Amino acid sequence: MNEQQTVGESEKLIRKLRRELLFTRIMCLITSALTILLLAGGAYLLEQAKGIMMQVQPVLDQAAAVDVENVNETLRQVRESLEDVDLEQVAAMMEQAVETLDEVDVEALNDAISGLDTKELSRTMANLNDAVESLRSVEDSLNRIFGRKKISY
């Protein structure tokens, strides 16, 4: 009986080891699947990061091209200019402008505008613009003939 008992115990031990081996294999498969999913997710995130970098790169290039010293100098000049502003004088000018606007007779202005023939005024302005363009072209022609530089208006 001792032998049978030993064989029975061995078989029980083998069955127990097979169950543990099966459990280990299942855990290994689950771990492998999770690892593959994590790697695939990492690859996806890497591609997304590359796409974002491609979109951000022009902005980074522009930011790198900014002349910080020039910007600082401009800001210093603006600050110095603002320090020289006489706020009392500005306030007085604003009050004077408000008083001038208060004196404008809006009704009389509306009456004057309402009597205008807008079609005739538009035609007159178009004719005036044509005449100015003709004079400019003549002036340009004369300047080219006499070798003078063009004068900007």
Side-chain angles (χ1 to χ4, degrees), residues 1-102 104 106 109-110 113-114 116 118-119 121-137 139-141 143-144 147-153:
M1 263 234 225
N2 224 356
E3 241 179 78
Q4 283 183 342
Q5 199 176 17
T6 309
V7 171
E9 287 178 9
S10 294
E11 286 178 10
K12 284 182 185 178
L13 183 61
I14 290 174
R15 274 188 256 133
K16 181 182 176 188
L17 289 174
R18 283 185 178 162
R19 270 186 264 129
E20 286 180 8
L21 181 62
L22 178 64
F23 178 75
T24 304
R25 286 179 179 170
I26 291 172
M27 291 306 292
C28 187
L29 285 173
I30 291 172
T31 306
S32 297
L34 288 175
T35 303
I36 290 171
L37 288 175
L38 285 174
L39 287 174
Y44 175 76
L45 288 177
L46 181 65
E47 286 300 315
Q48 293 297 317
K50 283 181 182 179
I52 290 170
M53 284 303 295
M54 293 299 287
Q55 292 175 350
V56 171
Q57 191 61 44
V59 174
L60 293 175
D61 292 342
Q62 288 178 352
V66 171
D67 184 5
V68 177
E69 289 299 318
N70 191 17
V71 171
N72 286 337
E73 181 60 30
T74 303
L75 290 174
R76 252 185 253 114
Q77 290 174 356
V78 168
R79 188 186 73 225
E80 289 171 3
S81 297
L82 289 175
E83 289 173 355
D84 295 338
V85 172
D86 184 7
L87 294 178
E88 291 176 7
Q89 183 182 7
V90 170
M93 289 173 57
M94 292 299 287
E95 287 177 14
Q96 185 180 9
V98 168
E99 289 172 3
T100 303
L101 287 174
D102 286 340
V104 172
V106 176
L109 187 59
N110 284 339
I113 291 173
S114 66
L116 291 176
T118 56
K119 290 181 181 177
L121 185 59
S122 294
R123 282 194 295 270
T124 304
M125 291 300 292
N127 290 339
L128 183 60
N129 283 336
D130 291 343
V132 168
E133 282 301 315
S134 297
L135 286 174
R136 281 194 181 149
S137 65
E139 180 186 23
D140 289 343
S141 298
N143 285 339
R144 274 183 274 164
R148 295 182 184 166
K149 291 183 180 178
K150 184 176 181 178
I151 300 172
S152 300
Y153 295 99

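By convention here, the first residue in the shown sequence is residue 1. No experiment lies behind these values; they were computed from the predicted model shown.
Within a 6.0 Å sphere centred on CZ of Arg25, heavy atoms belonging to other residues, nucleotides or ligands number 12 at most.
Note on Glu9 versus Lys12: no salt bridge recorded, every NZ/NE/NH1/NH2 to OD/OE distance being 4.0 Å or above.
Asn70 contributes atom CG, which lies 4.5 Å from atom OG1 of Thr74 (distance to the nearest 0.5 angstrom). Note that the CD atom of Glu20 and the OG1 atom of Thr24 stand 7.0 Å from one another [nearest 0.5 Å]. Going from atom NZ of Lys50 over to atom CG of Leu45 covers 12.5 Å, rounded to the nearest 0.5 Å. Here Thr6 contributes atom OG1 and Leu13 contributes atom CG; the two are 12.0 Å apart, rounded to the nearest 0.5 Å. If you take OG1 on Thr100 and CE on Met93, they are separated by 11.0 Å, rounding to the nearest 0.5 Å. The line from OG1 of Thr124 to CG of Asn129 is 11.0 Å long, rounded to the nearest 0.5 Å.
Put simply, the side chain of Glu69 does not reach to within 4.5 Å of the side chain of Glu73, judged on heavy atoms. Side-chain contact between Met27 and Phe23 is present, with heavy atoms from C-beta onward closer than 4.5 Å. Between Leu17 and Leu21, the closest side-chain pair of non-hydrogen atoms is not below 4.5 Å.
Side-chain N/O atoms of Gln57 and Asp61 include a donor and acceptor closer than 3.5 Å.
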